[in-house]
Structures are given as C-alpha cells and as structure tokens.
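Comments concern the structure below.
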Amino acid sequence: MQNNSPILFTQDGYNKLVKEQEDLKGIRKLAVEDLSKARAMGDLSENGYYKSARAKLSSVDHRIRQVKYLLQYGKVKTISNNGTIDIGSNVILKTGNGEKTYSIVGGFESNPLEGRLSHISPLGKALIGKKAGDTVIIQTPSGTSQYVVTSVE
C-alpha cells in the first residue's frame with residue numbers, strides 16, 4: 001500500500017476517519033468480549049459462535065490497521081476558492097441528460113452514488129483545474145462523454 005504519492009483527503013473526509021477510528025475501538029472491545037464468551041463455551045472445533053467471533057475480531061482489527069495507515073500518511077488538502085476545480089470543490093456539470101452535482105474528494109472518500117467524485121477517477125482528473133464555462137470531454141468504455149462546468153464552489 002506504500003507509494004510516493006500522498007493520500008489526499010478533504011477536511012470532512014479526514015474527520016470522518018478520525019471518528020471511525022474512535023468507533024472501531026469500541027467495536028473491538030465488544031468483539032473481544034464476544035470471543036471470550038465463545039471460548040468459555042468449551043469445544044472450539046465445532047463452535048460456530050467462536051468462529052464467527054474470531055472472524056469479526058479479525059475484520060475489525062484489519063479495518064483499524066487500514067484507518068491507522070490512512071490517518072498516518074493522509075494529508076488534508078487545503079481548499080482554495082479561486083474558481084478552479086480542486087479537491088474540496090463542489091461542481092455542477094451539464095450533460096446530455098441534465099445536470100449533475102459532485103463534490104471532488106480524495107480517492108478513499110469517494111462514492112459516486114452519493115455525489116462524491118474522486119480526484120483520481122477519469123472524470124475527476126479531467127475536471128481538476130477547470131473553471132465554470134469550461135467543457136470537459138472524456139473517453140469511457142461506452143464512448144465519449146462531454147460535460148460543461150456550470151458552477152464551481
């Protein structure tokens with residue numbers, strides 16, 4: 001997972017990770033208690049509750065390590081409201097199908113279904129540095145898509 005490019009976040013995305021880290025500590029405590037209860041039941045070879053509790057603890061520990069890594073190597077991108085699209089910008093794009101609104105965010109906080117578009121996605125890359133009125137054309141597997149930037153906040 002280690003590379004030379006920084007892991008960029010919006011302030012909101014970074015704050016959500018910090019909160020998730022705190023929440024995971026509580027979840028881990030409960031998972032350890034469940035594992036202890038399962039061990040107390042006796043024969044572990046046929047104990048489904050034990051296997052389930054062990055898998056849950058493993059999953060929580062894995063996510064804790066991921067979040068710790070992201071917080072350790074992540075950087076909050078300073079938002080500059082100079083009218084150009086960058087991480088932290090909210091943009092309205094005009095397409096052939098109407099208008100779409102996106103927030104440009106870091107790769108680990110993106111979710112296109114919620115309108116959070118990664119700065120490293122094909123559309124996100126094409127939008128970085130553009131201003132209101134600019135046209136963006138990208139190649140997708142389904143063909144060429146054209147967007148007009150109508151607003152940048």
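Every residue meeting the side-chain contact (heavy atoms from CB on, under 4.5 Å) condition with Ser145, not counting sequence neighbours, appears here in chain and number order: Ile138, Thr140, Tyr147. Every residue two or more places apart in sequence or in another chain was checked for a side-chain hydrogen bond (donor to acceptor under 3.5 Å, both in side chains) with Arg54, and none qualifies. For the salt bridge (charged side-chain N to carboxylate O under 4.0 Å, His left out) test, no residue two or more places apart in sequence or in another chain qualifies with Arg65. Annotation: side-chain hydrogen bond (donor to acceptor under 3.5 Å, both in side chains) contacts of Ser52 (sequence neighbours excluded): none. For the side-chain contact (heavy atoms from CB on, under 4.5 Å) test, residues two or more places apart in sequence or in another chain that qualify with Ser151 are Ile92, Glu153. Partners of Thr144 under the side-chain hydrogen bond (donor to acceptor under 3.5 Å, both in side chains) rule, at least two apart in sequence or in another chain, are Gln139.
Residue pairs that meet the side-chain hydrogen bond (donor to acceptor under 3.5 Å, both in side chains) test with at least one member in residues 122-138, sequence neighbours left out, do not exist here. Residue pairs satisfying the salt bridge (Lys or Arg N to Asp or Glu O under 4.0 Å) criterion with at least one member in residues 76-88, sequence neighbours excluded, are listed as follows: Lys77-Asp86. For the salt bridge (Lys or Arg N to Asp or Glu O under 4.0 Å) condition, the pairs that include at least one residue of residues 6-16, sequence neighbours left out, are Asp12-Lys16. Screening residues 95-106 for side-chain hydrogen bond (donor to acceptor under 3.5 Å, both in side chains) gives Asn90-Ser103 as the qualifying pairs, with residues at least two apart or on separate chains.
Proximity of a side-chain donor or acceptor of Arg28 to a complementary backbone N or O of Val60 within less than 3.5 Å is not detected.
Here the CD-OG1 distance, from Gln11 to Thr78, works out to 9.0 Å after rounding to the nearest 0.5 Å. For the atom pair OH (Tyr49) and CG (Leu35), the distance works out to 9.0 Å, reported to the nearest 0.5 Å. To the nearest 0.5 angstrom, Leu70 atom CG is 9.5 Å from Tyr14 atom OH.
In terms of heavy-atom proximity, Phe9 sits nearest to Gly74 at CE1-CA, 3.9 Å. Nearest heavy atom pair, residue Ser121 against residue Gly124, reads OG-N, 3.0 Å. In terms of heavy-atom proximity, Ala31 sits nearest to Lys56 at CB-CG, 4.2 Å. For the residue pair Ser118 and Gly107, the shortest heavy atom distance occurs at OG-CA, 3.4 Å. Considering all non-hydrogen atoms of both residues, Pro6 and Lys75 come closest at CB-CD, 4.0 Å.
Leu123 and Ile128 fall within the same hydrophobic cluster, where Ile, Leu, Val, Met, Phe, Trp and Tyr residues are linked whenever their side-chain heavy atoms come under 4.5 Å apart, directly or through other members. In the hydrophobic cluster analysis, where Ile, Leu, Val, Met, Phe, Trp and Tyr join through side-chain heavy atoms closer than 4.5 angstrom, Ile79 is grouped apart from Val105. Transitive grouping of hydrophobic side chains (ILVMFWY, heavy atoms separated by less than 4.5 Å) keeps Leu30 and Ile64 in distinct clusters. No continuous path of ILVMFWY side-chain contacts below 4.5 Å connects Phe108 to Leu117, so the two sit in separate hydrophobic clusters. No single ILVMFWY cluster, assembled from side-chain heavy atoms under 4.5 Å apart, contains both Val76 and Ile104.
Side-chain contacts under 4.5 Å among hydrophobic residues (ILVMFWY), followed directly or transitively, place Ile87 together with Leu8.
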Could you give the side-chain donor-acceptor pairs of residues 17-26 under 3.5 Å, partners two or more places apart or in another chain?
from  : atom 1 : to    : atom 2 : distance (Å)
Lys19 : NZ     : Asp23 : OD1    : 3.4
Lys19 : NZ     : Asp23 : OD2    : 3.0
Glu20 : OE1    : Arg63 : NH2    : 3.0
Glu20 : OE2    : Arg63 : NE     : 2.7
Glu20 : OE2    : Arg63 : NH2    : 3.3
Glu22 : OE2    : Lys25 : NZ     : 3.4

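Contact check for Val136 versus Leu93: no side-chain heavy atoms found under the 4.5 Å cut-off. Taking 4.5 Å as the limit, some side-chain heavy atom of Leu57 sits within range of a side-chain heavy atom of Asp61.
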